[in-house]
**Q** 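The structure is given below, and queries will be raised subsequently.
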Amino acid sequence: MLTTRVGEVVRWDNDRGFGFIAPDDGGSNVFVHVSDLAPGSPRPHVGDRVDYALERDDRGRMHAARVTVHGDAGEAVAPVRRRPQRWSVVEMLAVLGFAVLLATGVLLYDMSAAIPLVVILISVVTAFAYADDKRRAEEGRWRTSESSLLLLCLLGGWPGAIAAMRWYRHKTTKASFVGAFWVTVFVTLIAFTLIAFPAARDAVITSLELMSGGA
């Protein structure tokens, strides 16, 4: 007996009759074809909640089967967005630490107040970029490249990226992207530490001079 699963339709091409379901329990999106819909079930729309089972096709690939759209058959089902994901402790500490770093630099070490303002602006732009990429994914349109999203993070917009990733449940399961994202966070924190604290910056410069002199 196949287990019934629950998920949300995140892409649906009505003309071609196929799309993808994001499982509520996490993991990769599941392919669904119009022929996999349960008898009497209406065609889904992006955002619809569905029940489905997992089966393998002739090539051994997993796909959704016996898909039922929530609601009465034939009715238009209102899109339902899944609840935002909770921030992890590491994410909260990283954002809090970044805020403290910038505030300390401005208040104690004469760092320009324009720098935190620019960081906030870039974070807002980054959040909108991730939200737009999520909508493009749902609608099957051309996506924003991952390198562009990561570049915004590297410029200091990663707090906005975290907010959007959790709110829209976007880009949180692809290990390669998540790993690259945290590299940008680490690099950004080091860079802004050198900008905010003259002593740290001078120590690095001195070390580089000694290394170059020794060579």
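The first residue in the sequence is number 1, and the count goes up from there.
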**Q** Donor-acceptor pair, S41 side chain versus L37 backbone, under 3.5 Å?
**A** no
**Q** If two hydrophobic side chains count as joined below 4.5 Å and joins carry through other members, does V187 share a cluster with I195?
**A** no
**Q** Please name the residue in the list F192, F98, F181 that meets the ring-ring contact (aromatic ring centres under 6.0 Å, His included) test with W158.
**A** F98
**Q** Let me see the working for T188 and L154 under side-chain contact (heavy atoms from CB on, under 4.5 Å), right down to the final yes or no.
**A** CA-CA 6 Å; T188 303; L154 195 59; 4.2 Å; yes
**Q** With rounding to the nearest 0.5 angstrom, report the NZ to CE distance, K134 to M165.
**A** 11.5 Å
**Q** Looking only at non-hydrogen atoms, find the nearest pair between C153 and A161 and report the distance.
**A** SG-CB, 3.7 Å
**Q** With heavy-atom distances below 4.5 Å as the criterion, would you say the side chains of D133 and Y168 are in contact?
**A** no
**Q** D132: what forms a side chain to side chain donor-acceptor pair (under 3.5 Å) with it, not counting sequence neighbours?
**A** R136
**Q** Supply the atom-to-atom distance T172 OG1 to K174 NZ, rounded to the nearest 0.5 angstrom.
**A** 12.5 Å
**Q** Just checking, is any N or O donor in the side chain of S148 or S145 under 3.5 Å from an acceptor N or O on the other one?
**A** yes
**Q** In the hydrophobic clustering (ILVMFWY, side-chain contacts below 4.5 Å, transitive), which residues join V100, or is it alone?
**A** L96
**Q** Counting distance only, does the side-chain N/O of R201 pair as donor-acceptor with the main-chain N or O of L194 below 3.5 Å?
**A** yes
**Q** Compare every heavy atom of L150 with every heavy atom of T184, then report the nearest pair and how far apart it is.
**A** CG2-O, 3.9 Å
**Q** State, with a plain yes or no, whether a side-chain heavy atom of W87 is found less than 4.5 Å away from one of V95.
**A** yes
**Q** Would you say L152 ends up clustered with F177 if hydrophobic residues are merged whenever their side chains have heavy atoms under 4.5 Å apart, either directly or through other cluster members?
**A** no
**Q** To check you understand the geometry: which heavy-atom pair defines the closest contact between G156 and I122, and what is its length?
**A** C-CG2, 4.3 Å
**Q** Tell me, with the steps shown, if F197 and L108 meet side-chain contact (heavy atoms from CB on, under 4.5 Å).
**A** CA-CA 9 Å; F197 301 105; L108 300 181; over 6 Å; no
**Q** Answer whether the closest heavy-atom distance between the side chains of K171 and L149 falls below 4.5 Å.
**A** yes
**Q** Shared ILVMFWY cluster between L155 and I190, side chains joined below 4.5 angstrom?
**A** no
**Q** Do the side chain of D57 and the main chain of R61 share a donor and acceptor less than 3.5 angstrom apart?
**A** yes
**Q** State, to 0.1 Å, how close S35 and H33 come at their nearest heavy-atom pair, and which atoms those are.
**A** OG-ND1, 2.8 Å
**Q** Other than L117, which residues form its hydrophobic cluster under the rule that side-chain heavy atoms must be closer than 4.5 Å?
**A** none
**Q** Kindly indicate whether the side chain of W182, heavy atoms from C-beta on, has any atom under 4.5 Å from the side chain of V90.
**A** yes
**Q** For the pair R49 and D24, find out whether any cationic side-chain nitrogen is under 4.0 Å from an anionic carboxylate oxygen.
**A** yes
**Q** To the nearest 0.5 Å, tell me how far M92 CE sits from R86 CZ.
**A** 9.5 Å
**Q** Can you check whether H63 reaches E55 side chain to side chain, under 4.5 Å on heavy atoms?
**A** yes
**Q** Is it possible for you to say whether V125 and L151 belong to one hydrophobic cluster, with membership spreading through side-chain heavy-atom contacts below 4.5 Å?
**A** no
**Q** Grab the two heavy atoms, one from P159 and one from S123, that are nearest each other, plus how far apart they are.
**A** CD-OG, 3.7 Å
**Q** With a 4.5 Å limit on heavy-atom distance, are the side chains of V30 and M62 in contact?
**A** no
**Q** Are any non-hydrogen side-chain atoms of R66 and D36 less than 4.5 angstrom apart?
**A** no
**Q** Apply the test side-chain contact (heavy atoms from CB on, under 4.5 Å) to residues T193 and L101: give CA-CA distance (whole Å), side-chain angles for both, the deciding distance (0.1 Å), then the verdict.
**A** CA-CA 7 Å; T193 297; L101 186 155; 3.1 Å; yes
**Q** Hey, does P116 have a side-chain heavy atom less than 4.5 Å from the side chain of M111?
**A** yes
**Q** Determine, stepwise, if the pair F31 / I21 fulfils side-chain contact (heavy atoms from CB on, under 4.5 Å).
**A** CA-CA 7 Å; F31 177 82; I21 299 170; over 6 Å; no
**Q** For residues V34 and V69: do they belong to one hydrophobic cluster (side chain heavy atoms under 4.5 Å, members Ile, Leu, Val, Met, Phe, Trp, Tyr)?
**A** yes
**Q** How far does CD of Q85 sit from NE2 of H170, to the nearest 0.5 angstrom?
**A** 11.5 Å
**Q** On a heavy-atom basis, which atom in Y109 and which in A196 lie closest, and how many Å separate them?
**A** CB-O, 3.3 Å
**Q** Calculate, to the nearest 0.5 Å, the distance between atoms CD and CG belonging to E8 and D48 respectively.
**A** 8.5 Å
